[in-house]
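Just so it is clear, the structure is predicted and the values come from calculations on it, not from any experiment.
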Amino acid sequence: MANPTRFGQGEAKLRAMHKADYPGGVVVDPTPITAGEEVTVFYDGLLGKESGQVYLHYGFGAHNKWRAVQNIPMEKTGWGWVSDVEMPDTEGRFNFCFKDGAEHWDNNNGFNWSFEIHNGGQRY
């Protein structure tokens with residue numbers, strides 16, 4: 001069973017993600033992340049303040065051995081940058097950072113961002 005969003009839908013969701021003011025300006029919703037589900041990545045960090053394009057650079061697996069690595073352009077909104085990403089059907093980790101068109105990176109001070117992907121079962 002998928003996890004419900006904590007932030008709502010549409011523009012209200014983006015506004016709420018912006019107002020959450022999480023460290024680095026990064027919010028992932030919903031969390032925890034369930035395998036096979038779509039998540040929204042919101043970014044209002046160091047990059048993209050002036051102009052240009054921000055890209056979500058992401059992959060799956062161990063923090064030092066990403067697989068299925070992709071760069072996707074994020075959509076600029078009035079509150080920050082946003083992308084939706086489909087999670088793989090297996091457990092693991094979702095790792096990501098951000099870059100702009102000039103190859104400036106925001107990688108969380110070298111640690112990137114990383115979230116566990118669970119199988120949807122409950123643990124007791």
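For the pair Val28 and Thr31, the tightest heavy-atom approach, listed with the atom from each and the gap, is O-CG2, 3.4 Å. Closest approach of Trp81 to Gly48, counting heavy atoms only: NE1-O, 3.7 Å. When every heavy atom of Asn95 is checked against every heavy atom of Ala62, the shortest pair comes out as ND2-O, 3.7 Å.
Proximity of Phe115 to Val39: side-chain heavy atoms (C-beta onward) are nowhere separated by under 4.5 Å. Using a 4.5 Å cut-off on side-chain heavy atoms (C-beta onward), Phe111 and His63 make no contact. With contacts defined as side-chain heavy-atom distances shorter than 4.5 Å, the pair Phe98/Leu46 does not qualify. Side chains of Val69 and His57 form a contact here, defined as non-hydrogen atoms less than 4.5 Å apart.
Residues meeting the ring-ring contact (aromatic ring centres under 6.0 Å, His included) test with Phe42, sequence neighbours left out: none. The side-chain hydrogen bond (donor to acceptor under 3.5 Å, both in side chains) search around Lys65 returns none, not counting sequence neighbours. Residues passing the side-chain hydrogen bond (donor to acceptor under 3.5 Å, both in side chains) test with His104 are Asp100, sequence neighbours excluded. Thr77 is linked by a side-chain hydrogen bond (donor to acceptor under 3.5 Å, both in side chains) to nothing, counting only residues two or more places apart in sequence or in another chain.
Taken to the nearest 0.5 Å, the OG atom of Ser114 stands 8.0 Å off from the CH2 atom of Trp66. With values rounded to the nearest 0.5 angstrom, Leu56 atom CG is found 5.0 Å from Ile72 atom CD1. A distance of 5.5 Å separates NE2 in His18 from CG in Asp44, rounded to the nearest 0.5 Å. Atom NZ of Lys76 is separated from atom CD of Gln53 by 9.5 Å, given to the nearest 0.5 angstrom.
Other residues, nucleotides and ligands place more than 12 heavy atoms under 6.0 Å from the CD atom of Glu38. Within 6.0 Å of NZ in Lys19 there are 12 or fewer heavy atoms belonging to other residues, nucleotides or ligands.
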Checklist line | Stepwise side chain to side chain contact (heavy atoms under 4.5 Å, CB included) check, Tyr55 with Met74 | finding: CA-CA 5 Å; Tyr55 298 87; Met74 298 186 81; 5.8 Å; no
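Pairs engaging residues 101-112 under the salt bridge (charged side-chain N to carboxylate O under 4.0 Å, His left out) rule: Lys99-Glu103 [sequence neighbours left out].
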Which pairs would a plain distance check flag for residues 82-90, meaning a side-chain donor or acceptor within less than 3.5 Å of a matching protein atom at least two apart in sequence or in another chain?
unit_1, atom_1, unit_2, atom_2, d
Asp84, OD1, Thr40, OG1, 2.7

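Phe94 and Phe60 have their aromatic ring centers within a separation under 6.0 angstrom.
Side chain of Arg93 to backbone of Gly61: no donor-acceptor contact under 3.5 angstrom is found. The main-chain N or O of Gly59 is never found under 3.5 Å from a side-chain atom of Gln70 such that the two would form a donor-acceptor pair.
Note: Phe96 and Trp113 have parallel aromatic rings, judged against thresholds of 30 and 60 degrees for the angle between ring planes.
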